[in-house]
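Worksheet: one structure, shown below.
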Amino acid sequence: MVDQVITFHREGEFEAYRDAKKWCEENGYSYGSMQHTAPIGLLKGNWTISKWRNLDSKQRKQLHGTMTCVTSFREAPIHIVLKNKEQHS
């Protein structure tokens with residue numbers, strides 16, 4: 001199976017990022033803190049997730065997905081990339 005990618009395109013400062021966070025909340029995903037242009041970790045359930053730089057390789061592999069940006073979380077597009085279930089079982 002391939003990863004699922006959900007893209008948010010709303011224009012305006014941080015609007016696509018807000019839409020992506022709202023999607024996470026509505027679908028039961030916790031998200032980590034923003035760190036410039038680094039990915040933001042996602043986990044299903046109620047979790048506290050560190051900034052990307054503070055996650056070691058094992059913790060990064062345990063994530064259920066990431067939120068990413070092309071140039072900045074300030075502008076669209078913002079992508080949520082969810083690993084297929086076999087990758088995080």
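Residue pairs meeting the salt bridge (charged side-chain N to carboxylate O under 4.0 Å, His left out) criterion with at least one partner in residues 39-49, sequence neighbours excluded, do not occur; the list is empty. For residues 13-25, the side chain to side chain donor-acceptor pair (under 3.5 Å) pairs, not counting sequence neighbours, are R10-E15, R10-D19, E13-R74, E15-R18, E25-Y31. Under the salt bridge (charged side-chain N to carboxylate O under 4.0 Å, His left out) criterion, no residue pair touches residues 29-43, with sequence neighbours excluded.
A 4.5 Å side-chain heavy-atom check between Q35 and R53 finds at least one atom pair inside the cut-off.
One distance of note links OG1 of T66 with CG of L55; it measures 11.5 Å at 0.5 Å rounding.
Heavy atoms only, all atoms of each residue included: A38 and F73 are closest at O-CE1, 3.4 Å. M34 and K51 get closest at one heavy-atom pair: O-CE, 3.5 Å. Of all heavy-atom pairs spanning I78 and S72, the tightest one is CD1-O, 4.1 Å. Of all heavy-atom pairs spanning G41 and L63, the tightest one is CA-CD1, 3.7 Å. Taking all atoms of both residues into account, the shortest heavy-atom contact from C24 to I80 is SG-CD1, 3.7 Å. Across all their heavy atoms, L82 and L42 have their closest contact at CD2-CD1, 4.1 Å.
The neighbour count for N46 CG, taken as heavy atoms of other residues, nucleotides or ligands under 6.0 Å away, does not exceed 12.
Looking at N27, its side chain never comes within 3.5 Å of a backbone N or O of Y29 through a donor-acceptor pair.
Taking W47 as the reference, S30, L43, I49 meet the side-chain contact (heavy atoms from CB on, under 4.5 Å) condition, with sequence neighbours excluded. Applying the side-chain contact (heavy atoms from CB on, under 4.5 Å) criterion to T7, with sequence neighbours excluded, gives V5, H9, P77, H79. Taking the side-chain contact (heavy atoms from CB on, under 4.5 Å) definition, one finds that H36 meets it with nothing, sequence neighbours left out.
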Self-check item: Residues W52, R60; criterion side chain to side chain contact (heavy atoms under 4.5 Å, CB included); working and verdict
Solution: CA-CA 8 Å; W52 192 256; R60 290 178 183 182; 3.0 Å; yes

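F8 and V81 sit in two unconnected hydrophobic clusters of ILVMFWY residues. Membership requires side-chain heavy atoms under 4.5 Å apart, directly or through other members.
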